[in-house]
Amino acid sequence: MTEKRLLDTLDSFVSRGIAADLWLRDDDATEPTTALDRLLALSDRYAVPMTLAVIPEPTGDALARRLDSADKIDVAVHGWAHQNHAGPEEKKRELGLHRPKDTVLGELRAGFEKLQILFPSCFVPMLVPPWNRVDPDIVEGLPAIGYRALSVYGPEKTAPLALLNTHVDIIDWRGTRGGKDHDLLFAETAERMVAAEPGSRTTGILTHHLDHDETASAFLDRLFALTANHPGCRWRSAGALVEEAGSAA
Ligand SMILES: [Zn+2]
């Protein structure tokens, strides 16, 4: 039983009368695909809410129509065109200071407005920077153009707006570029849940539907089967979490 560690963690929360908040962010959606259908079917089957980080520039009506019938799906802003502007020696970045700050913020404003119009019922005013990288100077300018939350990968640092980070990446980018080992992922999830102290922070699962192989999809299936109805945790929508962060601030 490789899920045992996670199950034990959840059971311990129940005995303490607490529950961990979980959320899922899936990146790089632009249009309906078989891979996206597969992810949305998992959301449906287990009634788990998901947040799609949609790339504004290339997306359009087709994705809007597809998500119209999807329940429990939120949409956040994934940069503008998911284009790298960093040099060949640097890590990839769309939202660095390789271009004037106003140019970058102008694109982020355009992305915000486009997605808000395309996805009126499920839009969340949250920025998900491509490659999880954004310059602090850009972050400073986000509240003025409407953003209320930022989501990157890793432990939360301080920011001038709510942070809703992801902590467990199910893809092994440096190795197989497929799904990571399930035991490792169950252990990482349990570890983050404990570190997050239920009631104070969330545990964010990061997925990339276009890159899911059988191992990745099977992990999500197992994770949802284990957690969807466990009283030691609850799956939350980004919309609700951002709302809560706003009222707590
Ligand atoms: Zn991306």
Side-chain angles (χ1 to χ4, degrees), residues 23-40 42-43 50-60 62-64 66-67 70 73-88 90-99 103-105 107-112 114-116 118-119 122-136 138-139 142 147 149-156 159 163-180 185 204-213 216-217 219-220 238 242:
W23 79 289
L24 184 143
R25 191 188 99 201
D26 179 82
D27 288 4
D28 300 340
T30 59
E31 58 181 1
T33 56
T34 312
L36 184 63
D37 282 345
R38 198 169 175 193
L39 183 79
L40 296 177
L42 271 177
S43 166
M50 294 182 178
T51 301
L52 300 185
V54 174
I55 308 171
E57 198 270 339
T59 197
L63 185 62
R66 175 64 185 86
L67 295 188
I73 299 298
D74 282 342
V75 164
V77 185
H78 198 28
W80 169 243
H82 215 299
Q83 200 178 332
N84 178 33
H85 295 280
E90 290 176 86
K91 286 186 173 169
K92 288 180 178 169
R93 271 170 198 263
E94 180 171 53
L95 309 178
L97 292 180
H98 307 88
R99 301 175 295 156
T103 304
V104 179
L105 285 170
E107 285 183 353
L108 292 178
R109 182 199 292 264
F112 184 111
K114 181 172 176 178
L115 296 191
Q116 195 175 34
L118 272 175
F119 306 97
C122 56
F123 178 77
V124 178
M126 178 165 80
L127 175 66
V128 176
W131 301 286
N132 289 296
R133 297 187 192 110
V134 57
D135 192 276
I138 303 295
V139 174
L142 293 176
Y147 287 93
L150 171 68
S151 177
V152 292
Y153 182 75
E156 287 78 6
L163 276 176
L164 189 54
N165 283 3
T166 54
H167 314 89
V168 179
D169 185 340
I170 74 164
I171 305 277
D172 178 13
W173 296 107
R174 291 190 188 139
T176 62
R177 295 190 69 82
K180 275 187 199 157
L185 288 171
I205 308 295
L206 176 59
T207 68
H208 284 76
H209 64 277
L210 295 170
D211 299 280
H212 290 179
D213 57 1
S217 295
F219 172 71
L220 288 180
V242 169

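Just follow the structure's listing: the first ligand is 1, and inside any ligand the first atom is 1.
Proximity of the aromatic rings of H208 and W173 is defined here by a centroid distance below 6.0 angstrom, and this criterion is met.
Put simply, OG1 on T207 and CZ on F219 are 11.0 Å apart, with the number rounded to the nearest 0.5 Å. Here the CG atom belonging to L39 is positioned 5.0 Å from the CG atom belonging to D26, to the nearest 0.5 angstrom.
With the Zn ion (ligand 1) as the vertex, atom OD1 of D28 and atom NE2 of H78 span an angle of 90° (nearest 10 degrees).
Checking H208 against the Zn ion (ligand 1), every N/O/S atom stays at or beyond the 2.8 Å cut-off. Here D27 does not reach the Zn ion (ligand 1): none of its N/O/S atoms is less than 2.8 Å from the metal.
No hydrogens or angles considered: a donor-acceptor pair under 3.5 Å links the side chains of E156 and H167.
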